[in-house]
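To start, the structure itself, in structure tokens.
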Amino acid sequence: MGKKKRSNISSVDKQGLGVDKQIVSSEPGGQDCEQDSASGEKTPVFKDPNYLAGKSNGKKPRVWKSLKQIIAIERATYLQNVVTYSSLDAAPSRKPLKKYSDISGLPGIYTDPQTKLRYFNAEEFTRIRMLSPDLVNGYLTLRKANIP
Amino acid sequence: MALDVKTFVLDNGAYTEKCGYSTQAEPRIIPNCITKAKSERRRPFIGDQIDDCKDISGLFYILPFQKGYLVNWEVEKQVWDYTFGQDVFNIDFGETCLIVTEPYFNFTSIQENMTEILFEEYQFHSLLRINAGTLSAHRYHKENPNELCCLVVESGYSFTHIVPYIKGKKLKNAIRRINVGGKALTNHLKDIISYRQLHVMDETYVMNQVKEDVCYVSTQFDHDMSVARKKGKDNTIIRDYVLPDYTVIKRGYVRPLEETTGKPKDNEQIIRMNNERFMVPELLFHPSDIGVQEMGIPEAIVHSIQATPEEVQPHLYKNILLTGGNACFPFFKTRVYSDVRAFAPELYDVSVTLPENPVTFAWHGGSLLSENEEAPKMIVSKKMYEENGMNLCLEKFDV
């Protein structure tokens with residue numbers, strides 16, 4: 001097995017690994033085996049002792065990047081993990097949102113079950129109950145909570 | 001030997017590969033390129049096959065390296081196939097560990113490509129990717145066990161790096177790079193000769209030989225310039241260089257001072273090398289001569305040492321090591337010493353070391369490293385690569 005691999009090295013086309021994956025995905029499942037010509041039974045590709053990983057020819061040759069392309073890619077990927085003034089990627093916070101009263105802006109500790117508006121104290125509650133429906137909708141729209 | 005497989009050391013330079021088994025006394029130096037000659041159009045010469053060619057005028061180079069980084073893998077694979085194959089070394093890949101050199105701060109994609117090619121296509125048993133300067137520092141430490149630090153000045157084909165090594169580890173933030181190397185010097189020489197005397201822009205190989213034969217580093221620049229301006233017998237610098245014509249004269253040669261007349265003998269072409277002799281290597285010390293706005297070597301040495309911790313600085317000044325092809329210029333060492341001595345603070349001793357063969361010094365360092373007991377911990381075997389993937393190599397090899 002070792003000898004066979006070595007003799008193919010000088011004649012190998014400039015393929016590399018990517019081609020390997022192409023073979024597996026391009027063939028439908030039923031043909032995923034190589035026909036053993038001698039015995040006529042189907043052996044899976046990976047069980048073939050003479051299978052050479054990544055050494056298939058015939059597809060288009062692998063393209064290597066020029067220096068300019070490498071420099072451009074490095075410049076782009078270098079800044080992905082680094083936090084700078086112009087980039088601050090952070091996941092949305094998982095803390096529960098702070099709620100503020102729709103009427104006054106003080107911390108909205110309570111929520112009216114009928115109108116779903118938030119309020120701070122009993123006085124605000126009386127005000128809420130006196131509002132007309134369109135005003136209520138207006139307040140909810142401001143908070144983007146207006147689900148019809 | 002510390003490693004239980006044969007070790008092959010490959011100093012993969014942009015101009016030449018220095019390659020050989022670690023047990024060999026001297027490496028084999030093979031040009032790391034594919035060349036095409038005008039006389040034999042159909043056959044591209046890989047590596048040192050060019051020695052077979054009789055007429056190497058107008059040699060066309062296809063270099064795998066660009067600005068010192070290996071980008072053209074098609075060409076490099078052909079050169080490596082030639083080097084590792086039957087014609088040259090005939091390596092048994094499964095039983096060989098490879099030590100290969102890379103430039104400093106090499107791009108991740110290039111490191112990945114190299115690892116992939118060496119493991120997947122050539123299938124070496126194990127691999128060590130390392131900087132050439134680290135090998136030089138290792139050898140220097142072996143030869144001078146009392147010196148814990150050294151400053152490696154690696155002046156090669158593509159660029160020059162000044163790298164401080166403290167206890168065998170390089171200090172990354174003190175590394176300095178000058179974008180002037182042998183390639184820039186040869187191109188500059190071609191440029192000025194083409195402007196002043198004879199069109200040699202296509203003759204890279206010949207002009208490289210001229211540069212290596214005739215150029216030297218001047219220790220007193222202004223004095224040499226004034227001597228070069230003189231005429232007749234007073235001008236001791238000027239030389240005639242007889243160019244090869246590949247029929248009678250197979251290789252160019254310098255005519256010694258006594259025979260230098262300026263007139264070619266019959267059927268010869270000569271070029272007169274006057275102040276070009278010392279102006280070309282002067283680029284290493286004043287890159288601004290060609291518009292490269294960077295420091296020269298001595299200034300960069302001082303700048304690099306100033307970026308290191310203060311307690312290490314005297315040790316670095318005492319152990320400046322010159323390696324790489326450009327260190328072969330005559331009087332290079334004297335000039336570097338005098339310039340660094342002028343820049344460095346008075347209380348530090350300055351000492352510059354130039355090995356007998358600066359080109360192969362790193363290679364010998366590699367063959368010494370393979371005998372080190374620490375070597376098995378530094379290499380990555382193919383099994384480890386297959387289990388852990390590319391990230392293992394990227395993290396382990398500190399390039």
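Lettering follows sequence order; numbering is per chain, from 1. Bear in mind that the values here come from a model prediction, so they are computed numbers and not experimental data.
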* **By salt bridge (Lys or Arg N to Asp or Glu O under 4.0 Å) - contacts of B/Glu386 (at least two apart)** =>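 Testing B/Glu386 for salt bridge (Lys or Arg N to Asp or Glu O under 4.0 Å), a comparison that skips the adjacent residues, returns B/Lys382.
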State whether the number of non-hydrogen atoms from other residues, nucleotides or ligands found under 6.0 Å of [X] atom [atom1] is greater than 12.
X: B/Phe60; atom1: CZ; value: no
X: A/Tyr110; atom1: OH; value: no
X: B/Lys396; atom1: NZ; value: yes

* Pairs touching residues 126-148 of chain A that satisfy ring-ring contact (aromatic ring centres under 6.0 Å, His included), sequence neighbours left out ->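 Output for this query is empty, none listed.
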* Identify the two heavy atoms, one from B/Lys67 and one from A/Leu67, that lie closest to each other, and give their separation to 0.1 Å. =>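 Closest heavy-atom pair between B/Lys67 and A/Leu67: CB-CD2, 3.8 Å.
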* Search all heavy atoms of B/Val71 against all heavy atoms of A/Trp64 and return the closest pair with its distance. =>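 Nearest pair, atom of B/Val71 first, then A/Trp64: O-CB, 4.0 Å.
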* Rounded to the nearest 0.5 Å, how far apart are CD of A/Glu74 and CD1 of B/Ile110? ->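 Here the rounded value is 8.0 Å.
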* Asked: Are any non-hydrogen side-chain atoms of A/Ile73 and B/Phe107 less than 4.5 angstrom apart?
  ->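 A side-chain contact under 4.5 Å is absent here.
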* Asked: Given a strict heavy-atom distance threshold of 4.5 Å, which part of B/Leu70 is in contact with chain A: side chain, backbone, both, or neither?
  ->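 Contact with chain A is absent: no heavy atom of B/Leu70 under 4.5 Å.
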